[in-house]
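Read the structure below first, then the notes.
Letters A, B, ... are given to chains in the order of the sequence lines, protein chains preceding strands, and every chain is numbered from 1.
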2 protein chains.
Amino acid sequence: MSTPIRPHPPETRSRILDAAEVLFVEHGFEATSMRMITSRAGVNLAAVNYHFGSKDALIQEIFRRRLTELNRQRLAALDKLEAEAGGATLKPSHIVEAFFGTALALAADTEHGGHTFMRLLGRTYTEPNTFVRQFLAEEYAEVLERFLGALYRALPDVPREEILWRFHFMMGAMSYAIAGTDALQLFAGNFDDADPARLMPRLMSFLLGGLRAPLPDHAELEKQRRGGREAA
Amino acid sequence: MSTPIRPHPPETRSRILDAAEVLFVEHGFEATSMRMITSRAGVNLAAVNYHFGSKDALIQEIFRRRLTELNRQRLAALDKLEAEAGGATLKPSHIVEAFFGTALALAADTEHGGHTFMRLLGRTYTEPNTFVRQFLAEEYAEVLERFLGALYRALPDVPREEILWRFHFMMGAMSYAIAGTDALQLFAGNFDDADPARLMPRLMSFLLGGLRAPLPDHAELEKQRRGGREAA
DNA sequence: GATTCGTTCAAACGTTTGTTTGAATTGTAC
DNA sequence: GTACAATTCAAACAAACGTTTGAACGAATC
């Protein structure tokens, strides 16, 4: 019994993160106990507090490790768009694709937990948990400023409030799209077309249709006061 | 000290329901304890188990009392549409308005807890809690069958799977729209236009734009095989 | 081989959880 | 006023919670 069974010593951290990610999606933050996490990860109960400090810090780290990379990709996609345009205004559809396309690509990755995490993320926007939402707001601040600014410039005739709301609606549609298969099967029993590859064009058509929709009456009036003509 | 202070004896039930509804929205199901509920309602700790049996049964009753009425209104709105059409096919926009308009009307009622409940409902579709979701599926079965059927007939050229997905996306957008102000303020600090009266036309424009959007490539091909031309 | 540092471990900590209990209190009918 | 049923109450229940502790372990460094 001289050779140790454990192959790589400090994989405990990542095993905890992976196990917690799955359990949080399945049961939620509060309903997932430390004992559930550690027993699924195959580590000692005290390991979470040793490696992360507390349960809340573990939750934060789960979001941090995924969101940092996702938002980096988003900013890179926007940078690329702006570089290719060379000063010209961007097409709204390209902006939307840069933001939501990267998210859907991560959600399509079922092998490395990307899908699991995106389901968790979509639910968390509306989650009541205070500190998680505050953390999300900070993590998203830069990306949202960049993308909303790009949309404002791409749609100069549309009131900014309207763009903000529609962006918010799009986030909701995406959240449900990713979380979706489970909820959809409740609605329609004979439903089996959950192919993530088809989800992308499906959702993108819907999002762009919503973004380009005629403005509601009040916003329409306000827009005409400014001399604009069409929403998108 | 002969006259009792308590005005109406069996209002304990409704006081518990109202208090729990608010707390569930603020903190979620798991993070809301029986002691928080009963102390906010001003009743004894044992009252919940006496009147409802358990915490889970209380949650179910909260959804039951609101959803029964909401779905009754939805079916009535659809009945009225079909009666006025007199056999002719309905306009998709009218169907969507019948379904989401009633929900938004309830969400606009801030005085009798309708707004609070709709925020709770929108979050619960994607909630991991098993028994709540199963209960929701049962409670929604009839309404969804009626409305999806109406949409299928109103859009005979659009593949049913596509309609199902878009309906799902619309639910997501609505959920975020109602839960929305809090989340939006995280995104944009200088955001104050949360007037629920303006939310209705805003969301409806977006939803109809998404529903009428051109079909994605694959669905487009399938539709043309059937001989259709336009999505909506 | 002894020392040191990072990590793991079993056990226990004090709280808080949902629920139950049995007595006290209330409203209603006789 | 007495009897009865419904409701409220303070108190306690076992179970589960997140976290802490101090000893044991492992692999390096000298």
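Within the structure, every side-chain polar atom (N or O) of B:S54 is placed at least 4.0 Å from both OP1 and OP2 of C:dG18. Applying the 4.0 Å criterion to OP1 and OP2 of D:dA16, one finds that A:S33 has every side-chain N and O outside that range. Taking only side-chain nitrogens and oxygens, B:T12 comes nearer than 4.0 Å to OP1 or OP2 of D:dT8. Taking 4.0 angstrom as the limit, B:H51 places a side-chain polar atom (N or O) nearer than this to OP1 or OP2 of D:dT8.
Atom CZ in A:R15 sits roughly 10 Å away from atom P in C:dT8 (whole-Å rounding). Remark: C1' of D:dT19 and CG of A:N49 are 5 Å apart, rounded to the nearest angstrom. A:H27 places its NE2 atom 15 Å from the P atom of D:dA16, with the value rounded to the nearest Å. Across the protein-nucleic acid pair, B:M36 atom CE and C:dT17 atom P stand 8 Å apart, rounded to whole Å. Per the geometry, CG belonging to B:L45 stands 10 Å off P belonging to C:dT19, to the nearest Å. B:M34 places its CE atom 18 Å from the C1' atom of C:dT15, with the value rounded to the nearest Å. As a whole-Å value, the separation of B:I37 CD1 from C:dT17 P is 11 Å. Taking atom CZ of A:F52 as the reference point, atom P of C:dT7 lies 12 Å away to the nearest angstrom.
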Going through the distances and angles, do B:T110 and B:T116 end up as a side-chain contact (heavy atoms from CB on, under 4.5 Å)?
-> CA-CA 7 Å; B:T110 55; B:T116 303; over 6 Å; no
Take A:F147 and A:Y152 through the side-chain contact (heavy atoms from CB on, under 4.5 Å) test and state the conclusion after the steps.
-> CA-CA 9 Å; A:F147 274 85; A:Y152 292 159; over 6 Å; no
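Distances from the side chain of A:Y50 to the nucleotides C:dG6, C:dA10, C:dT19 place C:dG6 closest.
Map B:R35 and B:N44 each onto its nearest nucleotide of DNA chain D; the residue landing nearer the 5' end is B:N44.
With A:K55 contributing its side chain and A:V48 its backbone, the two residues share no donor-acceptor pair below 3.5 Å.
Using a 4.0 Å heavy-atom criterion, one finds that A:T38 contacts no nucleic acid atom at all. Residue B:A47 is classed as having no contact, given no heavy-atom separation below 4.0 Å to the nucleic acid.
No hydrogens or angles considered: a donor-acceptor pair under 3.5 Å links the side chains of B:R74 and B:Y140.
One finds a salt bridge joining A:E162 and B:R202 here, because a Lys/Arg side-chain nitrogen approaches an Asp/Glu carboxylate oxygen to under 4.0 Å.
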